[in-house]
Amino acid sequence: MSVLAPKKCLLAWSSGKDSAWALLALRRVDVLVVGLLTTINQAFDRVAMHAVRRSLLDAQARSIGIPLWPVPLPWPCSNEDYERIMAEVCRQAKAEGIECVAFGDLFLPEVRAYRERQLAGTGLTPLFPLWGLPTGALAREMLAGGLKARITCVDPKVLPPAFAGREFDQALLADLPAGVDPCGEKGEFHTFAYNGPVFREPIPISRGEVVERDGFVFADLLLAGN
């Protein structure tokens, strides 16, 4: 009996906890993640939105054992530029035999619909391995499973700035104000995953300065020892 080869997939990799847990979910089924697809702000050499340094992103890829697919974006980046750049990435992926792109989205239907529209006609299938999971239970499952992450960015309109740089742990979940999603799915906060079941070894990090920029509060994480 012949055995079908696993589907080759790119994973949209933000560097955060949901991306890391999505990778674990994909590894449990017949999907082979061959690249971590990450948009990089060219002006600052950091992960777009999460503002994670490229050195930390590279350390994640080494620990996980999957190559990065970095996508440089200009700053500022118009929606037209973004869609043009991503369309070229999709063409490259298809040419290399990749069949799908996975996302760590949890429940925002407009975000899912946008991703599905962008992949329509590319020959790449969108996958959402965490979709619809209750986020409170999911956050607790991540912690019970050994995932370690740090808060890199908070929206001060919904979350006090003091949360920037905090560990994503049970204490943080208990301290979240009412209405804030336990996984930060509505943009309340973003994270950097530095250890857990998808990592071969932990990434040593330390916290740098905390700054407010463009309406958000960022904790600058550093690769310890550098």
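Predicted model only: the values in this text are computed from it and were never measured. Positions are given from 1, in the same order as the sequence printed here.
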H190 and H50 aromatic ring geometry - parallel, tilted or perpendicular at 30°/60° bounds |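 Judged by the thresholds at 30° and 60°, the geometry between H50 and H190 is tilted.
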Classify the angle between the aromatic ring planes of F218 and F216 as parallel (below 30°), tilted (30 to 60°) or perpendicular (above 60°).
-> tilted
Carefully, step by step, assess L222 and R207 under the rule side chain to side chain contact (heavy atoms under 4.5 Å, CB included).
-> CA-CA 6 Å; L222 309 172; R207 198 181 91 171; over 6 Å; no
Are [X] and [Y] joined in one hydrophobic group, where the rule is that I, L, V, M, F, W and Y side chains link up if heavy atoms are under 4.5 Å apart?
X	Y	result
L32	I66	no
L68	V33	yes
L108	Y82	no
V31	L124	no
L23	I203	yes

Is any side-chain heavy atom of [Y] closer than 4.5 Å to one of [X]?
X	Y	result
R54	F44	no
L11	L37	no
P177	L159	yes
V210	D220	no
P70	T38	no
W131	R112	yes
T125	L119	no
F103	D18	no

On a heavy-atom basis, which atom in [X] and which in [Y] lie closest, and how many Å separate them?
X	Y	value
C153	M49	SG-CE, 3.7 Å
P156	P161	CB-CG, 4.2 Å
V154	P160	CG2-O, 4.2 Å
L130	A25	CD2-CB, 4.1 Å
C183	T135	SG-O, 3.5 Å
A93	W69	CA-CH2, 3.8 Å

Can you measure from [atom1] ([X]) to [atom2] ([Y]) and round to the nearest 0.5 angstrom?
X	Y	atom1	atom2	answer
L221	R150	CG	CZ	6.5 Å
L10	I98	CG	CD1	4.0 Å
M86	L73	CE	CG	8.0 Å
D30	K7	CG	NZ	8.5 Å
F192	I151	CZ	CD1	13.0 Å
E83	R117	CD	CZ	8.5 Å

Within the side chain of [X], is there an N or O that forms a donor-acceptor pair under 3.5 Å with the backbone of [Y]?
X	Y	answer
K157	E188	no
T191	A193	no
K94	G123	yes
E185	L106	yes

I'd like to know if [X] and [Y] make a salt bridge, using a cut-off of under 4.0 Å between side-chain N and carboxylate O.
X	Y	result
R84	E88	no
K148	D169	no
D105	R115	yes
K186	D155	no

Evaluate the criterion side chain to side chain contact (heavy atoms under 4.5 Å, CB included) for residue pair L56 and S15; output intermediate values, then yes/no.
-> CA-CA 9 Å; L56 287 173; S15 77; over 6 Å; no
Give a yes/no verdict on a cation-pi contact between R166 and F163, requiring under 6.0 Å between NZ or CZ and the six-membered ring centre and an angle within 45° of the axis.
-> yes
Decide side chain to side chain contact (heavy atoms under 4.5 Å, CB included) for V71 and I85; before the verdict, give the C-alpha distance in whole Å, the side-chain angles of both, and the deciding distance to 0.1 Å.
-> CA-CA 8 Å; V71 181; I85 292 167; 3.5 Å; yes
Show me, pair by pair, the donor-acceptor contacts under 3.5 angstrom made by side chains of residues 194-201, not counting sequence neighbours?
residue	atom	partner	partner atom	Å
Y194	OH	E167	OE1	3.2
Y194	OH	E167	OE2	2.6
R200	NE	S63	O	3.0
R200	NH2	R62	O	2.6

Going by atom types alone, do Q60 and W13 pair a side-chain donor with an acceptor below 3.5 Å?
->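 Per modelled atom types, Q60 and W13 side chains form a pair under 3.5 Å.
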What do the steps show when you test V47 against T39 for side chain to side chain contact (heavy atoms under 4.5 Å, CB included), and what is the final call?
-> CA-CA 6 Å; V47 179; T39 52; 5.5 Å; no
